[in-house]
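Along the sequence shown, residues carry numbers from 1.
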Amino acid sequence: MADELVFYTNPMSRGRIARWMLEETGIPYTTEILGFESSMKAPAYLAINPMGKVPAIRHGKTIVTEGAAICAYLAETFPEAGLAPTPEERGSYYRWMFFAAGPLESAATNRALGFQTPADKSRMAGYGSYADVMDTLEKAVSASPYIAGNRFTAADVYVGTHVAWGMGFGTFEKRQAFSDYVARVTDRPAYARASAIDDEAARAMQKSA
């Protein structure tokens, strides 16, 4: 029997990244919906992720947290889904996935919090400056149809979600290259399924609140 895969999430969280990735793989999984200040901070879940945050997955005895790590793990563990990089794609795949997990998310978070890195302190920030990050991202999504080359990979799940959210929440500049990239990567049945599942879960949570 294959190892059971359990997905821990909240539909109003970064768990949506992992949900999309899971739907792309087509593998069976069960979902546990957690509350931010309740079950997410309970001992049972803290044993899964001591940070008390989602998403996380438990695949048999293996636990993986952090959106980028979950995307990479699932792509490599289920290669039949075709979401892992080829040798030629590997450099761009890891480069831009971890660019999104590091500089991109940090710059967007600071933007949302109203924090701007002082010009004379930019070397202390991993992302340098917000303008540098936006310009670099634009070049990355314009270089090829997908972030690692000419085909969709797990890196597009992760980067694409960040770009879509950034424009939606106003933490990214609304550049045409960003809009075009998001349109390409989200035009997929798995994205539609994942969004529908999480939207319904969010409505159910709001009704029970």
Side-chain angles (χ1 to χ4, degrees), residues 8-10 12-21 36 40-41 46 48-57 63-76 83-85 87-144 146-149 152-182 184-186:
Y8 303 89
T9 189
N10 182 292
M12 294 173 284
S13 75
R14 290 173 177 81
R16 283 181 174 254
I17 301 172
R19 172 82 73 185
W20 180 11
M21 184 64 193
F36 288 110
M40 211 176 289
K41 304 300 182 182
L46 291 176
I48 299 292
N49 185 0
M51 288 284 288
K53 296 174 68 70
V54 292
I57 61 170
I63 293 172
V64 186
T65 65
E66 314 311 319
I70 291 170
C71 288
Y73 175 84
L74 292 173
E76 293 172 14
L83 299 168
E88 295 75 21
E89 295 166 337
R90 192 171 293 138
S92 293
Y93 174 93
Y94 285 112
R95 176 186 183 184
W96 297 117
M97 183 180 288
F98 290 105
F99 171 80
L104 188 60
E105 179 153 10
S106 295
T109 299
N110 283 349
R111 177 89 163 187
L113 296 174
F115 175 78
Q116 182 173 345
T117 305
D120 63 340
K121 303 292 185 184
S122 62
R123 285 184 297 176
M124 296 177 63
Y127 63 86
S129 73
Y130 177 81
D132 288 343
V133 170
M134 291 295 104
D135 290 344
T136 300
L137 178 64
E138 181 172 13
K139 291 177 183 176
V141 301
S142 302
S144 55
Y146 298 99
I147 201 68
F152 183 91
T153 66
D156 291 296
V157 173
Y158 193 74
V159 177
T161 304
H162 277 281
V163 179
W165 285 355
M167 289 196 299
F169 289 117
T171 55
F172 283 18
E173 296 170 356
K174 292 187 176 181
R175 302 187 185 186
Q176 189 61 47
F178 298 165
S179 298
D180 291 345
Y181 172 66
V182 169
R184 286 195 297 274
V185 301
T186 59

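By the 4.5 Å heavy-atom criterion applied to side chains, Arg14 and Glu105 are counted as neighbours. Looking at Thr153 and Tyr146, their side chains never come closer than 4.5 Å, going by heavy atoms from C-beta outward. Side-chain contact check for Tyr8 versus Thr65: every heavy-atom pair is 4.5 Å or farther apart. The shortest side-chain heavy-atom distance between Arg175 and Asp135 falls under the 4.5 Å cut-off. Using a 4.5 Å heavy-atom threshold, the side chains of Pro103 and Phe98 count as separate. Here the side chains of Ile57 and Tyr73 are in contact, with some heavy-atom distance below 4.5 Å. Using a 4.5 Å heavy-atom threshold, the side chains of Ile17 and Cys71 count as touching. A heavy-atom distance below 4.5 Å is not found between the side chains of Ser179 and Val182.
No donor-acceptor pair under 3.5 Å is formed between the side chain of Asp180 and the backbone N or O of Ala177. Of the possible donor and acceptor atoms, one in the side chain of Asp156 sits under 3.5 Å from a partner among the backbone N and O of Ile147.
Nearest heavy atom pair, residue Met40 against residue Leu46, reads O-CD2, 4.0 Å. Minimum heavy-atom separation, Ala18 to Ile70: CB-CG2, 4.0 Å. Heavy atoms only, all atoms of each residue included: Gly52 and Lys41 are closest at O-NZ, 3.0 Å. Between Met21 and Ala75, the shortest heavy-atom contact is CE-N, 3.7 Å. Minimum heavy-atom separation, Val133 to Ala107: CG2-CB, 4.0 Å. The shortest heavy-atom contact between Ile48 and Ala56 is CG2-CB, 4.1 Å.
Evaluation of the side chain to side chain donor-acceptor pair (under 3.5 Å) rule for Glu66 yields no partner, not counting sequence neighbours.
From Met167, atom CE reaches atom CD of Glu173 across 11.5 Å, with rounding to the nearest 0.5 Å. Atom CG in Leu83 sits 9.0 Å away from atom CG in Leu74 (nearest 0.5 Å).
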Notebook entry, point to check: Hey, mind stepping through Phe178 and Met134 against side-chain contact (heavy atoms from CB on, under 4.5 Å) and telling me if it holds?
Noted result: CA-CA 10 Å; Phe178 298 165; Met134 291 295 104; 3.9 Å; yes
Next item on the list: In sequence, state the C-alpha distance, the side-chain angles, and the governing distance for Leu104 and Phe172, and then conclude on side-chain contact (heavy atoms from CB on, under 4.5 Å).
Entry: CA-CA 10 Å; Leu104 188 60; Phe172 283 18; 3.4 Å; yes
Margin query: I'd like to know whether Thr161 forms a side-chain contact (heavy atoms from CB on, under 4.5 Å) with Arg16, so could you lay out the CA-CA distance, the side-chain angles of the two residues, the decisive distance to 0.1 Å, and finally the verdict.
Written below: CA-CA 8 Å; Thr161 304; Arg16 283 181 174 254; 5.6 Å; no
Note to self: If you apply the rule side-chain contact (heavy atoms from CB on, under 4.5 Å), what do you find for Ser142 with Tyr181, and how did you get there?
What the structure shows: CA-CA 8 Å; Ser142 302; Tyr181 172 66; over 6 Å; no
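Counting only residues at least two apart or in different chains, side chain to side chain donor-acceptor pair (under 3.5 Å) contacts with residues 90-101 comprise Glu76-Tyr94. Residue pairs meeting the ring-ring contact (aromatic ring centres under 6.0 Å, His included) criterion with at least one partner in residues 105-130, sequence neighbours excluded, do not occur; the list is empty.
Trp20 and Phe152 have tilted rings, their planes meeting at an angle from 30° to 60° on a 0 to 90° scale.
Annotation for Met51: atom CE does not count as buried by contact number, only 12 or fewer foreign heavy atoms lying within 6.0 Å.
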